[in-house]
Amino acid sequence: MKHKKFLTLLVVLIVASLTLAACAPAATEAPPAETEEAVEPTEAPPEPEPTEEPMEEPTEEPMEEPTEEPMEEPTEEPMEEPTEEPMEEGPVTIIIGVTDRISSLDPADAYATHDWELMKNMGEGLLKWAPGTAELATGLAVDFPEISDDGLVYTFKLRPGITFADGLELTAPMYAEQMTRLLTIGPECPNGVADALATPYVESIEAPDDETVVFNLKSAVGFFSQILAGAPYLPAHPDIFSQEECVLFPEAPIYGVGPWFISQVNYDEQVVLEPNPYYEGEFAPQVDQIIIRYFADPQTMSLAVQNGEIDIAWRFLGPELISQLEEVEDLTVGTVDAGPIRYLIMNHTYAPMDDPNVNKAVAAAIDRDELSDVVYSGQAVPLYSMVPPGFLGATEAFDTLYASPDLDLANEFLAASGYTADNPLELELWYPPEHYGSETAAWMELIQQQLEATGAINATLQAQEWSTYITALTGGESYPNGVLGWFFDYPDSSNYLTPFVYNGGLGTNVALGAEGSQYGEPINDLAAELVDLLAQADVETDVAVREALYEEIQDVYADLVVTVPLFIIAEHVTYSPAISGSDMYAAPEVLNIGPTMEFNYSTLTKSP
């Protein structure tokens with residue numbers, strides 16, 4: 001309005017002095033936001049001739065600046081910045097929710113699934129798992145190892161250009177030094193990963209030059225390559241992880257040689273990962289930032305993914321919440337055919353499970369589909385071998401032999417040992433009521449009903465508190481059978497078989513513990529055959545030969561009924577419509593998470 005009043009006054013006082021006219025530019029150069037109001041009256045003044053000359057000098061030139069130049073700067077450039085540039089340059093962030101917690105990020109110590117997930121995204125090993133599969137691929141190594149004829153020496157060549165996220169170049173001597181740290185201080189770290197996956201196998205690690213890494217083993221190990229693909233064998237940054245002590249919770253930034261590094265961390269709340277600018281491997285990040293957010297309970301995390309506060313809800317939600325999320329529009333709930341398994345332990349030296357026919361009858365009577373459908377709303381995956389689908393040589397040997405549920409076959413086995421409706425088998429079934437979740441009692445009751453459906457078994461449930469139960473069951477002296485859960489130490493078929501056979505087999509007693517023996521004493525000829533096959537597979541380095549051995553092993557295992565596999569508690573991943581996995585790798589529908597349970601953040605993309 002000030003401009004309009006001024007211009008009106010200018011018309012009335014057209015014969016005013018030149019000084020007053022020259023003040024017009026000062027008024028027209030007032031705040032740029034008002035220049036649009038000044039533009040309209042510049043064409044409105046009447047055309048009396050006395051105005052032409054005075055307007056030519058004092059008003060035309062001054063009017064050009066405020067009506068043209070200010071219009072270009074304040075109305076065009078500022079509008080380009082807020083509407084275009086931020087949309088193009090803003091970081092693309094994916095937020096992943098979990099109810100896990102970090103236990104350790106030290107490769108010489110960490111022994112938990114979530115810890116390994118973070119470490120595998122920050123780091124890369126000599127070997128790695130192809131996303132969505134249990135297939136080995138090369139990582140830092142140029143090729144698969146050169147293995148000596150006796151299986152005791154593994155030699156790798158590093159690919160060039162391996163660099164930590166702070167620019168430090170990795171050399172073979174540096175890698176060997178960090179791996180030696182696993183052997184020296186690892187056994188003193190609290191989580192025990194070195195004692196499980198390093199010191200039993202590795203004698204020493206050396207680097208004869210800047211590109212070569214050599215592992216010297218204590219004895220031949222056919223699955224050592226699989227062990228090398230694990231998080232304990234990731235190179236650690238020498239300035240972050242010292243040679244003198246374990247560093248469970250390092251401060252950020254935390255650098256590795258993988259596609260990501262941790263730029264910020266609050267161990268109780270969240271972890272922020274950003275791309276490693278020096279990474280040259282195949283898993284280049286597709287987004288600018290990954291945030292891992294920690295939730296106190298599954299219910300809160302479920303609400304967060306529904307409300308869009310997080311993009312992905314990962315471990316753990318539980319069957320009830322998963323069922324609810326499957327009904328939510330615009331959310332995808334993917335089922336990962338991997339996770340902890342549940343199985344029945346059979347004590348082969350404790351009556352009545354010392355009778356092979358009884359064990360076979362139980363194997364034939366159990367209906368795994370009913371367990372999944374009734375107790376887990378179909379979310380548990382029926383399991384017909386201790387080796388889960390996707391692992392080397394995995395079969396469905398129990399389905400092949402028993403086609404369960406087959407009550408007629410079950411009764412044939414029972415009758416062969418004299419058990420009938422008139423002379424039923426009295427069978428106790430032991431389980432821990434709370435350790436594996438409250439649903440354990442529900443599916444144990446269902447198993448009781450399934451066995452009694454034969455008409456020749458009276459089953460009685462026996463619940464026992466965990467601390468007493470686990471020692472008694474795995475000791476092999478107190479219970480005829482029981483329930484246990486299992487998740488691999490390293491993703492290889494051997495880790496789903498040998499623990500239940502060698503030296504007492506966690507209470508199966510198919511090979512009784514013997515001092516000084518790696519395998520124990522088999523209780524019968526079939527058990528001796530099983531031990532021999534497993535021993536061959538342990539040292540076999542040819543993958544195809546190992547695969548054939550494990551296929552044969554599972555047939556013998558099922559015939560002996562060492563244990564009875566029941567189901568996999570499948571993991572689930574829930575995500576928003578903007579999130580996608582990569583079609584370049586297996587299982588994009590579950591964001592490329594496969595049987596190894598590895599979640600590669602680099603395969604993720606997010607659409608606007």
Side-chain angles (χ1 to χ4, degrees), residues 91-105 110 112-122 131 249 252 254 259-275 285-336 338-340 379 437 487 569-582 587-594 597-608:
V92 178
T93 299
I94 293 177
I95 304 176
I96 302 172
V98 298
T99 57
D100 272 310
R101 284 295 183 273
I102 296 173
S103 305
S104 172
L105 291 179
T113 302
H114 180 61
D115 301 345
W116 284 14
E117 179 178 305
L118 291 171
M119 292 162 59
K120 293 295 280 293
N121 278 283
M122 283 193 298
F249 303 104
I254 308 170
W260 301 89
F261 74 96
I262 292 180
S263 60
Q264 303 172 49
V265 58
N266 181 320
Y267 285 96
D268 294 322
E269 296 180 8
Q270 70 177 25
V271 173
V272 179
L273 298 102
E274 297 181 16
Q286 305 302 302
V287 297
D288 302 303
Q289 195 177 69
I290 298 286
I291 296 177
I292 310 299
R293 187 161 294 165
Y294 297 108
F295 288 85
D297 58 82
Q299 291 79 10
T300 306
M301 183 167 73
S302 175
L303 289 173
V305 74
Q306 293 180 63
N307 297 335
E309 297 171 27
I310 60 176
D311 300 294
I312 301 170
W314 184 208
R315 306 167 68 235
F316 303 94
L317 283 171
E320 185 176 347
L321 288 173
I322 288 296
S323 296
Q324 294 173 12
L325 289 172
E326 287 177 332
E327 302 301 319
V328 177
E329 189 177 358
D330 291 334
L331 283 181
T332 298
V333 178
T335 300
V336 182
Q379 293 169 11
F487 192 73
I569 304 294
E571 299 283 5
H572 295 85
V573 59
T574 304
Y575 55 96
S576 73
I579 301 300
S580 300
S582 173
E589 71 282 359
V590 288
L591 307 184
N592 308 110
I593 304 170
M597 288 297 294
E598 289 195 356
F599 191 177
N600 292 281
Y601 305 152
S602 293
T603 67
L604 298 174
T605 56
K606 184 177 182 179
S607 59

- [ ] Report the C-alpha distance between Tyr294 and Val98 in whole Å, list the side-chain angles of each, state the deciding distance to 0.1 Å, and finish with yes or no for side chain to side chain contact (heavy atoms under 4.5 Å, CB included).
- [x] CA-CA 5 Å; Tyr294 297 108; Val98 298; 3.4 Å; yes
Write down the atom of [X], the atom of [Y], and the distance for their closest heavy-atom approach.
X	Y	answer
Ser103	Phe249	O-CZ, 3.2 Å
Ile254	Phe261	O-CB, 3.4 Å
Val336	Ala570	O-CB, 3.5 Å
Trp314	Glu117	NE1-OE1, 2.8 Å
Glu274	Ser263	OE2-OG, 3.1 Å
Asp288	Pro275	O-CD, 3.2 Å

Calculate, to the nearest 0.5 Å, the distance between atoms [atom1] and [atom2] belonging to [X] and [Y] respectively.
X	Y	atom1	atom2	value
Thr99	Met301	OG1	CE	5.0 Å
Leu317	Ser302	CG	OG	6.0 Å
Trp116	Ser104	CH2	OG	11.5 Å

- [ ] Apply side chain to side chain contact (heavy atoms under 4.5 Å, CB included) to Asp100 and Thr113, showing your working.
- [x] CA-CA 9 Å; Asp100 272 310; Thr113 302; 5.9 Å; no
State, with a plain yes or no, whether a side-chain heavy atom of [X] is found less than 4.5 Å away from one of [Y].
X	Y	result
Leu118	Trp260	no
Ile322	Thr574	yes
Ile102	Val271	yes
His114	Ile292	yes
Phe316	Glu571	yes
Tyr267	Leu105	yes

Side chain [X], main chain [Y], donor-acceptor under 3.5 Å:
X	Y	result
Asn121	Phe599	yes
Asn600	Ser602	no
Asn592	Ser582	yes
Asp311	Ile95	yes
Ser580	Thr605	no

- [ ] Give the C-alpha distance, both sets of side-chain angles, the deciding distance and a yes or no for side chain to side chain contact (heavy atoms under 4.5 Å, CB included) between Val287 and Leu604.
- [x] CA-CA 8 Å; Val287 297; Leu604 298 174; 5.7 Å; no
Open item on the list: Once side-chain hydrogen bond (donor to acceptor under 3.5 Å, both in side chains) is applied, what residue pairs with a partner in residues 320-329 remain, sequence neighbours excluded?
Closed with: Ser323-Gln379
